[in-house]
Amino acid sequence: MNLAQGIISGDRHSLARAITVVENNAPEGFVLLDELHHRVGRAFRVGITGPPGVGKSSLVDEIAVRLRGQNATVGIVAVDPSSAFTGGALLGDRIRMQKIGLDEGVFIRSMASRGALGGLACTAFEVCDLFDAFGKDYVIVETVGVGQSEVDVARTVDLTLVVLSPESGDSIQAMKSGLMEVADILVVNKADRPGADRLEVELRGALEMGRRHGCDVPQVLKTTATDGQGIETLVVEVHAALKKMEADGSLLKRRRENLEAKLREALRARLEEFFWEDERFTNEFKARIVEVLDGRKSPYRLVDEMAATAFGRK
Ligand SMILES: Nc1nc2c(ncn2[C@@H]2O[C@H](COP(=O)(O)OP(=O)(O)OP(=O)(O)O)[C@@H](O)[C@H]2O)c(=O)[nH]1
Ligand SMILES: [Mg+2]
């Protein structure tokens, strides 16, 4: 049985192996994704992002438990930038997600984000495709929202939850950092902690300003992941939002936009490879640097000329 057949027949070991192959960017991975592509597009993909420690993993755990209660199957990708440095956080995630860890209907995969910006976008999208082809009803992607990663996750999924907590510091910080912009639903977690109500009020205030400027405004929901408060409502709202998007065509539109960004990036990478693998191109490049060094040509003119000759030749 090859990996594609294994995945189609619901074999978890094949899925685990396939994820490794895809994560390693191995050529077999692309063959596999190609073979499975006709099965992709059925799962709902939900991103969960937010500052470190706000309770994202705890929420994913609770959400997955509720989804399993409705007989939905779940794939979870936990992208963990810190794990590349400490190696400790992965274990933490596994312990925290213990409620669902032993359930056959849930598949959890932790992956390092490879440190680089855009690392998430590189493989999380494909891992979601594998879960989707495997037949998962929901795919949840958790990532720490620091810088670019929240934008990457938003481009990978159908719906993005941004999680904040009273302890995660100033809500203004979240607004500045661009986290708010990717939110379809804002979750104030740790509602049991002091300051949760104030955070909610501040967020609603900020959103109200956005509404006056004609922006689409996400709803704000409060949860306590540690005792399950508010999770039922959150799951209902996530489902309702996805169903609405499905009905009004915005789901398809978003998938198309995400795919476009993904394809652009893949095409850019492929073109780059195409040239740098060509010795004639690299030799010409090295030889002609001197034209810029000795002042005969600006870097921009050289790039233009080289692109023109390379394309003319190919
Ligand atoms: N009081 C309280 N603590 C919570 C709540 N949700 C999570 N925690 C605790 O907050 C800590 C961090 O929770 P995680 O779920 O690991 O948070 P995270 O956002 O996934 O963390 P990173 O992935 O490391 O960014 C843990 O000790 C949780 O038990 C909550 O609603 N209330
Ligand atoms: Mg986590």
Side-chain angles (χ1 to χ4, degrees), residues 3 18-38 40-41 45 47 49 77 79-81 83-85 111-130 141 143-157 160 176-179 181-182 252-314:
L3 279 185
I19 294 175
T20 305
V21 169
V22 164
E23 268 184 336
N24 291 337
N25 269 322
E28 310 91 276
F30 295 106
V31 176
L32 179 65
L33 289 163
D34 196 48
E35 281 174 336
L36 292 171
H37 187 71
H38 66 284
V40 170
R45 301 176 185 206
T49 189
V77 189
V79 186
D80 198 331
S83 64
F85 307 108
M111 55 196 251
S113 71
R114 286 155 206 264
L117 291 181
L120 167 68
C122 284
T123 47
F125 200 98
E126 284 80 2
V127 174
C128 291
D129 279 356
L130 290 177
V141 185
T143 181
V144 182
V146 280
Q148 179 65 23
S149 55
E150 65 272 10
V151 178
D152 288 340
V153 77
R155 282 211 188 117
T156 304
V157 297
T160 304
K176 275 196 207 142
S177 69
L179 257 180
E181 280 150 43
V182 299
L252 198 64
K253 182 166 170 275
R254 184 166 295 184
R255 285 184 176 178
R256 196 193 159 96
E257 285 164 3
N258 288 352
L259 192 62
E260 187 177 320
K262 172 78 197 161
L263 289 178
R264 272 175 189 269
E265 173 55 29
L267 192 60
R268 192 195 57 72
R270 189 70 199 89
L271 273 174
E272 212 176 286
E273 250 173 60
F274 192 61
F275 286 115
W276 292 118
E277 277 170 3
D278 183 338
E279 234 176 51
R280 286 174 305 176
F281 183 79
T282 48
N283 288 341
E284 186 183 340
F285 176 75
K286 283 183 198 139
R288 293 187 65 184
I289 285 177
V290 69
E291 296 173 29
V292 178
L293 265 181
D294 66 15
R296 263 180 292 163
K297 228 162 237 161
S298 73
Y300 319 102
R301 181 165 300 279
L302 178 65
V303 166
D304 268 355
E305 286 179 8
M306 283 205 59
T309 45
F311 279 112
R313 198 164 55 207
K314 291 276 175 185

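Nothing fancy with the numbering, it's 1 onward along the sequence. Just so it is clear, the values below take in all heavy atoms, side chains as well, and ignore hydrogens, waters and symmetry mates.
Arg155 is linked by a side chain to side chain donor-acceptor pair (under 3.5 Å) to nothing, counting only residues two or more places apart in sequence or in another chain. In this structure, the side chain to side chain donor-acceptor pair (under 3.5 Å) partners of Arg288, at least two apart in sequence or on a different chain, are Glu284, Glu291, Glu305.
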**Request:** Start with the C-alpha gap between Ser298 and Val292, add the side-chain angles, then the distance that decides, and say whether side chain to side chain contact (heavy atoms under 4.5 Å, CB included) holds.
**Result:** CA-CA 6 Å; Ser298 73; Val292 178; over 6 Å; no
Discussion item. Checking Leu259 against Phe125 for the side chain to side chain contact (heavy atoms under 4.5 Å, CB included) test, could you report, in this order, the C-alpha distance in whole Å, the side-chain angles of both residues, the deciding distance, and whether it holds?
Written reply: CA-CA 10 Å; Leu259 192 62; Phe125 200 98; 4.3 Å; yes
Item to complete: Kindly indicate, with the supporting measurements, whether the criterion salt bridge (charged side-chain N to carboxylate O under 4.0 Å, His left out) is fulfilled by Lys262 and Glu265.
Response: CA-CA 5 Å; Lys262 172 78 197 161; Glu265 173 55 29; over 6 Å; no
Side chain to side chain contact (heavy atoms under 4.5 Å, CB included), that's the test. Do Phe30 and Asp34 meet it? Break it down for me.
CA-CA 6 Å; Phe30 295 106; Asp34 196 48; over 6 Å; no
* Determine, stepwise, if the pair Glu257 / Lys253 fulfils salt bridge (charged side-chain N to carboxylate O under 4.0 Å, His left out). => CA-CA 6 Å; Glu257 285 164 3; Lys253 182 166 170 275; 3.4 Å; yes
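Atom-to-atom distance recorded for Leu179:CG and Thr160:OG1 is 10.5 Å, nearest 0.5 angstrom. The structure places CD of Glu272 at 11.0 Å from CD of Glu277, a figure rounded to the nearest 0.5 Å. The CG atom of Asn283 sits 6.0 Å away from the NZ atom of Lys286 when rounded to the nearest 0.5 Å. To the nearest 0.5 Å, the span separating CG on Leu130 from CG on Leu33 amounts to 5.0 Å.
Taking the charged nitrogens against the carboxylate oxygens, Arg45 and Asp129 do have a contact shorter than 4.0 Å, which makes a salt bridge. Between Glu260 and Arg264 there is a salt bridge, since at least one side-chain N of the basic residue sits less than 4.0 Å from a carboxylate O of the acidic one.
Between Leu3 and Ala18 the shortest heavy-atom distance is CD1-CA, 4.0 Å.
Phe275 and Phe311 have perpendicular rings, their planes meeting at more than 60° on a 0 to 90° scale where under 30° would count as parallel.
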